[in-house]
Amino acid sequence: MSRVVVGLSGGVDSAVAALLLKRQGHEVIGVFMNNWEEEDDSGQCSAQQDWEDVRSSCQILDIPHYSVSFAREYEERVFSHFLKEYRAGRTPNPDVLCNREIKFSAFLDLAVKLDADYMATGHFVQRTQAGDLLRGADPAKDQSYFLYMTKAHQLRQTLFPVGHLTKQEVRQIAREAGLLVSDKKDSTGICFIGERRFKQFLQQYLPAQPGDMVTEAGEAIGKHDGLMYYTIGQRKGLGIGGRGDGRSWFVADKDLKNNRLILVQGEDHPKLFARGARIEEITWVNEVPAIRDNEALALQVKLRYRQPDQKAWLTMTGDKGILQFDKPQRAVTPGQSAVFYDGDVCLGGGIVVSSL
RNA sequence: UGGGGUGUAGCCAAGCGGUAAGGCACGGGACUUUGACUCCCGCAUUCGUAGGUUCGAACCCUGCCACCCCAG
């Protein structure tokens with residue numbers, strides 16, 4: 001029997017994680033993180049409801065539970081970087097940072113302080129004894145993409161009780177145990193912040209900087225109100241209709257120097273596809289692969305969550321590298337994460353700095 | 001000022017006397033622990049305007065208005 005501190009979100013997955021740990025005979029302590037104190041778009045503080053759900057589940061499971069706030073850490077280590085990236089015209093993924101800095105750092109420290117043997121989360125991922133990160137068993141819910149920045153030593157201190165289950169099985173277990181959250185809708189949006197009208201949300205922090213929307217040829221066809229509010233491959237929100245051949249327009253690129261958004265027409269436009277990507281800040285979960293500079297490593301890559309694996313070749317120098325895709329990839333976006341896989345092992349990944 | 005042309009939803013655009021296609025944009029929903037993409041649903045009782053012909057008109061006729069082109 002071990003002492004395990006479980007991160008509870010108020011959702012089904014973490015509640016079932018706690019349930020399974022308890023069944024295994026561990027001493028389970030539930031901890032709810034409230035890292036963002038602000039109401040969501042529905043006008044209510046969803047964190048409040050989540051905390052109610054945590055209390056409800058823990059009462060049913062009969063485990064002690066607490067609420068902590070890492071709002072300051074979240075602000076300093078995740079959100080400030082998130083804004084900095086947007087200011088620079090990139091499209092960051094705050095959740096990969098949140099996992100590295102908050103859940104697998106600040107929260108893990110707390111667990112250690114509470115004299116726990118392990119921390120646990122409701123992530124749909126698995127790990128080996130050696131500290132390799134494996135995909136979750138449910139291919140539709142695998143969340144390894146979001147954990148690629150974690151390290152083996154952190155994983156070895158973490159249990160993922162639902163990683164070998166499917167979402168359906170998790171809900172079934174919750175139902176049988178009488179948990180009120182068994183049919184609660186999956187949460188989406190930025191972790192801890194929740195669903196937002198994204199552009200409006202950003203506008204609270206980043207002032208508008210209007211400019212032109214232009215075609216490849218440089219023809220101005222509309223106005224944008226700030227390059228940071230748009231991302232590569234985006235279609236919605238451009239407000240351009242009836243031009244050209246009548247098909248939809250997509251963001252192909254950002255001209256930061258001239259504050260212009262470059263648009264192309266048609267979802268299959270060649271400018272929306274890239275044969276490769278330049279990446280930086282490459283990190284490895286466990287073993288660093290033994291390859292020399294300029295030697296290509298074959299791997300599978302995901303350029304976004306839930307994307308099917310893509311075959312690619314990686315060559316690297318230090319923590320920078322170049323990825324070459326077997327098949328051209330759509331909307332390869334600076335700031336986003338390219339995550340590497342070898343079979344079911346999530347090896348690590350890097351941040352896209354440009355498409356090639 | 002003559003001559004010709006055009007006026008259909010925010011934009012583009014079918015329709016040619018029988019009771020308003022389609023696309024884009026936009027809105028809503030689904031999907032989704034980032035941002036996107038994608039999918040589904042919705043979106044003109046009304047056709048520049050005022051009359052007339054007709055059982056019946058966006059489609060025919062007349063006046064007016066607006067815009068475009070060519071003359072001057």
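Since this is a predicted model, take the numbers as computed values, not measurements. Below, read A as the first sequence line, B as the second, and so on, with proteins coming before strands; counting in each chain starts at 1.
Closest to the side chain of A:R197, out of B:G28, B:A36, B:U33, is B:G28. Closest to the side chain of A:S248, out of B:A36, B:U34, B:C24, is B:C24. Distance from the side chain of A:D95 is smallest to B:U33 among B:G35, B:U33, B:A36. Checking B:C24, B:G35, B:U32 against the side-chain heavy atoms of A:T231 singles out B:G35 as nearest.
The interatomic distance linking A:M149 (CE) with B:U33 (P) rounds to 19 Å, in whole Å. Here the P atom of nucleotide B:C11 and the CZ atom of A:R243 are 12 Å apart, to the nearest Å. Between the CZ atom of A:R235 and the P atom of B:G27 there is a distance of 12 Å, rounded to whole Å. Put simply, CD on A:E267 is 9 Å from P on B:C24, counting in whole angstrom units. B:C31 atom P lies 17 Å from atom NZ of A:K236, rounded to whole Å. Taking atom OH of residue A:Y229 and atom P of nucleotide B:G35, one finds them 17 Å apart after rounding to whole Å. With rounding to whole Å, A:N99 atom CG is found 9 Å from B:U33 atom C1'. A straight line from CZ of A:R306 to C1' of B:C31 spans 7 Å, rounded to a whole angstrom.
Residue contacts for A:F82: at a heavy-atom cut-off of 4.0 Å it reaches no nucleic acid atom on any strand shown. At a threshold of 4.0 angstrom between heavy atoms, the contacts of A:G242 include nucleobase atoms, whether or not backbone atoms are also involved. Residue contacts for A:S9: at a heavy-atom cut-off of 4.0 Å it reaches no nucleic acid atom on any strand shown. Using a 4.0 Å heavy-atom distance criterion, A:L97 is classed as making no nucleic acid contact.
At a threshold of 4.0 Å, the pair A:D344-A:R135 counts as salt-bridged, since one of the basic side-chain nitrogens sits closer than that to a carboxylate oxygen. A salt bridge links A:D309 with A:K302: the closest approach of a Lys/Arg side-chain nitrogen to an acidic carboxylate oxygen falls below 4.0 angstrom. Checked for salt-bridge contact, A:D225 and A:K199 meet the test: a charged N lies under 4.0 Å from a carboxylate O.
Separation of the P atoms belonging to B:G5 and B:C60 is 13 Å when rounded to the nearest angstrom. Spacing between B:C61 and B:G17 at atom P, rounded to whole Å, works out to 12 Å. Rounded to a whole angstrom, the distance from the C1' atom of B:A9 to that of B:U32 is 33 Å. B:U19 sits 29 Å from B:G27 when the C1' atoms are compared, rounded to a whole Å. Rounded to the nearest Å, the gap between the P atom of B:A25 and that of B:U33 is 26 Å. Across the C1' atoms, B:G10 and B:C26 are found 8 Å apart, a figure rounded to whole Å. Taking the C1' atoms as reference points, B:A58 lies 12 Å from B:G48, given to the whole Å. Going from the P atom of B:A57 to that of B:A66 covers 28 Å, rounded to whole Å.
Residues A:Y205 and A:F79 bring their aromatic ring centres within 6.0 Å.
When all heavy atoms are compared, the tightest approach of A:A252 to A:V264 is CB-CG1, 3.7 Å.
With A:V5 as the fixed residue, the side-chain contact (heavy atoms from CB on, under 4.5 Å) test singles out one of A:D115, A:D117, A:L114, A:V28: A:L114.
Summarising the geometry, atom CZ belonging to A:R77 is positioned 8.5 Å from atom CZ belonging to A:F70; distances are rounded to the nearest 0.5 Å.
If you find the closest nucleotide of RNA chain B to A:K199 and to A:C191, the one lying nearer the 5' end belongs to A:C191. Toward the 5' end of RNA chain B, the nearer of the two residues A:K141 and A:G237, judged by each one's closest nucleotide, is A:G237.
The phosphate of B:U34 (OP1 or OP2) has no side-chain N or O of A:S337 nearer than 4.0 angstrom. Side-chain N/O atoms of A:Y305 include one lying less than 4.0 angstrom from OP1 or OP2 on B:U33.
Checked by distance alone, A:R247 brings no side-chain donor or acceptor within 3.5 Å of a matching partner on the base of B:G23.
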